[in-house]
Amino acid sequence: MKISTPVTECQSDSPGVVVMPPLAFKVSLLAGICLEGVWPWPFDVCSMTGHIAAGAFVAFLGFAFMMWGYGLFRKLGVGVPTNTPSSVLVRGGAYRYSRNPMYVGFIVILAGIGFAAGSVWLLLTVVPMWAYLQWFVIPREEAYLQRTFGQEYIEFCRAVRRWL
């Protein structure tokens with residue numbers, strides 16, 4: 001199984017993402033908490049214990065998937081911040097199922113927190129977070145990775161979905 005391919009020449013550019021996804025995650029979560037505090041919009045599909053248990057489980061799954069991708073980056077010595085150059089195209093682990101497991105993790109964690117809290121506002125934070133990643137972060141990263149890794153990245157995109 002092929003996990004990664006190193007770049008043979010030094011790369012000096014990057015995807016050029018300005019607002020890092022972890023900050024966007026924190027802003028989305030904080031916005032949901034603030035909206036819930038000002039205009040509560042609860043939902044109740046089961047007991048509070050059920051909400052918390054199910055939401056925590058969903059958030060844990062998102063965190064585990066995100067950390068699977070993150071751990072592989074760290075193991076291979078690949079920079080995680082999206083404003084740094086990439087020297088390796090990671091293709092193993094969670095990257096066999098998604099080209100963006102860390103972003104999938106962020107989305108799933110937000111959904112889990114929203115369900116655990118029983119808050120429509122917190123659940124809705126998934127939408128702006130997804131939109132930011134889908135329209136502003138991932139296109140920059142994909143263009144950068146195609147410039148950097150060429151045909152190998154194109155083949156990777158054909159073999160692995162963007163999300164899941």
Side-chain angles (χ1 to χ4, degrees), residues 1-8 10-33 52-117 122-150 152-164:
M1 170 180 70
K2 187 174 187 178
I3 292 181
S4 63
T5 301
V7 172
T8 55
C10 179
Q11 297 293 325
S12 60
D13 69 318
S14 73
V17 175
V18 177
V19 177
M20 297 294 104
L23 178 58
F25 172 84
K26 291 171 191 170
V27 168
S28 294
L29 182 59
L30 184 59
I33 291 169
I52 292 170
F57 180 70
V58 168
F60 171 77
L61 290 176
F63 181 76
F65 194 64
M66 177 173 61
M67 293 312 293
W68 189 16
Y70 177 84
L72 189 53
F73 262 47
R74 302 300 296 173
K75 179 181 175 184
L76 297 171
V78 176
V80 176
T82 57
N83 61 352
T84 59
S86 183
S87 60
V88 176
L89 178 59
V90 180
R91 299 176 60 161
Y95 292 89
R96 290 177 295 171
Y97 306 102
S98 170
R99 296 193 314 259
N100 299 287
M102 290 183 246
Y103 300 159
V104 170
F106 279 139
I107 298 296
V108 174
I109 291 167
L110 281 174
I113 291 170
F115 197 81
L122 282 164
L123 275 175
L124 287 176
T125 63
V126 166
V127 176
M129 181 69 187
W130 174 85
Y132 174 68
L133 294 170
Q134 177 73 13
W135 294 327
F136 296 101
V137 175
I138 294 172
R140 288 176 177 263
E141 290 180 348
E142 288 180 341
Y144 167 73
L145 291 169
Q146 188 170 345
R147 279 192 320 270
T148 304
F149 297 102
E152 183 179 6
Y153 182 71
I154 293 168
E155 291 170 14
F156 175 61
C157 290
R158 287 185 188 134
V160 180
R161 296 172 64 105
R162 178 182 273 179
W163 290 100
L164 276 178

(request) Evaluate side chain to side chain contact (heavy atoms under 4.5 Å, CB included) for Val18 paired with Asn83, printing each intermediate quantity in order. (result) CA-CA 7 Å; Val18 177; Asn83 61 352; over 6 Å; no
(message) Could you check whether any side-chain N or O of Arg140 sits under 3.5 Å from a backbone N or O of Gly16, counting only pairs where one atom can act as donor and the other as acceptor?
(response) yes
Can you tell me how far apart [atom1] ([X]) and [atom2] ([Y]) are? Round to the nearest 0.5 Å.
X: Arg147; Y: Asp13; atom1: CZ; atom2: CG; answer: 4.5 Å
X: Phe106; Y: Tyr132; atom1: CZ; atom2: OH; answer: 11.0 Å
X: Leu122; Y: Ile33; atom1: CG; atom2: CD1; answer: 6.0 Å
X: Ile138; Y: Asn100; atom1: CD1; atom2: CG; answer: 4.0 Å
X: Trp163; Y: Ile107; atom1: CH2; atom2: CD1; answer: 5.0 Å
X: Phe60; Y: Phe65; atom1: CZ; atom2: CZ; answer: 13.5 Å

Might you point out which heavy atoms bring [X] and [Y] nearest each other, and give the distance in Å?
X: Ile109; Y: Gly62; value: CG1-C, 3.9 Å
X: Thr82; Y: Pro21; value: OG1-CD, 3.8 Å
X: Ile113; Y: Ala59; value: N-CB, 4.5 Å
X: Ala111; Y: Val126; value: N-CG2, 3.7 Å
X: Tyr144; Y: Pro85; value: OH-CA, 3.3 Å
X: Arg96; Y: Val160; value: O-CG2, 3.9 Å

(request) Could you walk me through whether Ser98 and Leu164 pass side chain to side chain contact (heavy atoms under 4.5 Å, CB included), step by step? (result) CA-CA 5 Å; Ser98 170; Leu164 276 178; 4.0 Å; yes
(request) Would you please indicate yes or no on a ring centroid separation below 6.0 angstrom for Tyr95 and Phe73? (result) yes
(request) Please test Leu110 against Leu29 for side chain to side chain contact (heavy atoms under 4.5 Å, CB included), starting from the C-alpha separation and ending with a verdict. (result) CA-CA 7 Å; Leu110 281 174; Leu29 182 59; 4.1 Å; yes
(request) Check the pair Tyr97, Val104 against side chain to side chain contact (heavy atoms under 4.5 Å, CB included), reporting the backbone distance first and the verdict last. (result) CA-CA 11 Å; Tyr97 306 102; Val104 170; over 6 Å; no
(request) Name all residues meeting the side-chain hydrogen bond (donor to acceptor under 3.5 Å, both in side chains) criterion together with Glu142; count only those two or more places apart in sequence or in a different chain, and write none if there are none. (result) Arg99, Arg162
(request) Taking the side chain as every heavy atom from C-beta outward, state whether Leu89 and Phe156 have any pair of such atoms under 4.5 Å apart. (result) yes
